[in-house]
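Quick note: numbers below take in every heavy atom, side chains included, and nothing from hydrogens, waters or symmetry partners.
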Amino acid sequence: MTTLTEAKRTPGTRPRRSLLALRIAALVLTAAMFLQPVLAGSYLTGNVGALGTHETNAHVVTSLVFVQLVAALVYAWRGGGRWWPAALSAVLLVAAETQVFLGYAQTLLVHVPLGVGLVLTQILFTCWLTGSHARRARVRKENRR
């Protein structure tokens, strides 16, 4: 008879609180990222105050990307998940900081497409996280055949 402790140690079947934390972080970040083009569009249609909100939300987004990075590191390190979500989150953090810099520099030729890429990447990552593939444990070298 297997105990609960043994069942938790079985690769690929154990639930991970770290995955839940990563999913929550990703969903909140996705909402904040999705708000950015809405605020930019509101500014472009004449609502001048939306630019300040767009700026504030940009700082919220970069903070949330950092939170997602920490959650992804915990997911990989303590939860036994894959490492690429942490790497992707690190790239997203650099890209989000670059995005803020480009916004202040008013380099819209790069700022707009990079923003589209950030939002799309985050949406696709969040979709992956909510699927069953994210629950699978990382394959360790000793488990490979």
Side-chain angles (χ1 to χ4, degrees), residues 2-45 50-145:
T2 57
T3 64
L4 182 59
T5 308
E6 290 173 3
K8 283 186 176 182
R9 290 185 185 152
T10 305
T13 60
R14 64 181 180 183
R16 290 192 282 278
R17 287 179 281 176
S18 58
L19 176 58
L20 178 62
L22 180 56
R23 284 176 174 170
I24 291 169
L27 286 168
V28 172
L29 175 58
T30 302
M33 275 192 177
F34 190 76
L35 185 58
Q36 281 299 88
V38 172
L39 293 169
S42 181
Y43 169 72
L44 291 174
T45 58
L51 188 59
T53 310
H54 180 76
E55 175 187 8
T56 302
N57 194 50
H59 296 296
V60 169
V61 165
T62 55
S63 298
L64 289 172
V65 174
F66 181 75
V67 169
Q68 177 176 286
L69 173 59
V70 170
L73 287 169
V74 171
Y75 163 73
W77 179 51
R78 300 293 292 164
R82 297 177 180 136
W83 283 100
W84 72 261
L88 177 67
S89 297
V91 169
L92 285 173
L93 182 59
V94 171
E97 290 290 347
T98 303
Q99 181 73 342
V100 170
F101 173 77
L102 292 170
Y104 280 127
Q106 298 178 353
T107 313
L108 298 180
L109 186 63
V110 182
H111 182 75
V112 173
L114 180 58
V116 171
L118 278 167
V119 173
L120 180 61
T121 301
Q122 183 62 32
I123 289 171
L124 292 173
F125 177 58
T126 304
C127 288
W128 179 83
L129 276 175
T130 57
S132 63
H133 295 292
R135 282 192 295 262
R136 294 186 188 144
R138 179 176 63 243
V139 177
R140 300 183 193 279
K141 289 182 181 179
E142 63 268 8
N143 292 343
R144 292 183 188 164
R145 294 179 189 218

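Judged as a ring pair (Phe, Tyr, Trp, His ring centres under 6.0 Å), and not counting sequence neighbours, Phe66 has no contacts. Applying the ring pair (Phe, Tyr, Trp, His ring centres under 6.0 Å) criterion to Trp84, with sequence neighbours excluded, gives Phe125, Trp128. Every side chain to side chain contact (heavy atoms under 4.5 Å, CB included) that Leu120 has, sequence neighbours left out, goes to Leu124.
No option in Val61, Leu69, Thr62 other than Val61 meets the side-chain contact (heavy atoms from CB on, under 4.5 Å) test with Val65.
Across every non-hydrogen atom of Ala58 and Val100, the tightest pair is CB-CG2, 4.0 Å. Taking every heavy atom of both residues into account, Ser18 and Gly79 meet most closely at OG-CA, 3.5 Å. The two residues Ala86 and Leu73 make their nearest non-hydrogen contact at CB-CD2, 3.7 Å. Taking each heavy atom of Gln68 and Ala26 in turn, the nearest pair found is OE1-CA, 3.3 Å. Smallest separation of non-hydrogen atoms from Leu129 and Arg23: O-NE, 2.7 Å.
When side chains are defined from C-beta on, Leu88 counts as touching Thr121, because their heavy atoms get closer than 4.5 Å. Between Val28 and Leu64 there is a side-chain heavy-atom pair separated by less than 4.5 Å. Between Glu55 and Tyr104 the shortest side-chain heavy-atom distance falls below 4.5 Å. Thr30 is not listed as a side-chain neighbour of Met33, based on a closest heavy-atom distance of 4.5 Å or more.
For the residue pair Gln36 / Gln99, no side-chain donor-acceptor distance below 3.5 Å is found, with atom types taken as modelled.
Between atom OH of residue Tyr43 and atom OG1 of residue Thr53 there is a gap of 12.5 Å, rounded to the nearest 0.5 Å. Here Leu92 contributes atom CG and Thr98 contributes atom OG1; the two are 11.0 Å apart, rounded to the nearest 0.5 Å. In this structure, Leu27 CG and Leu22 CG are separated by 9.5 Å, a value rounded to the nearest 0.5 Å. Between atom CG of residue Leu108 and atom CG of residue Leu114 there is a gap of 12.0 Å, rounded to the nearest 0.5 Å.
The main-chain N or O of Pro85 is found under 3.5 Å from a side-chain atom of Ser89 such that the two form a donor-acceptor pair. A donor-acceptor pair under 3.5 Å links the side-chain atoms of Tyr75 to the main chain of Ala134, judged by distance alone.
More than 12 heavy atoms of other residues, nucleotides or ligands lie within 6.0 Å of CG in Leu44, so this atom counts as buried by the packing criterion.
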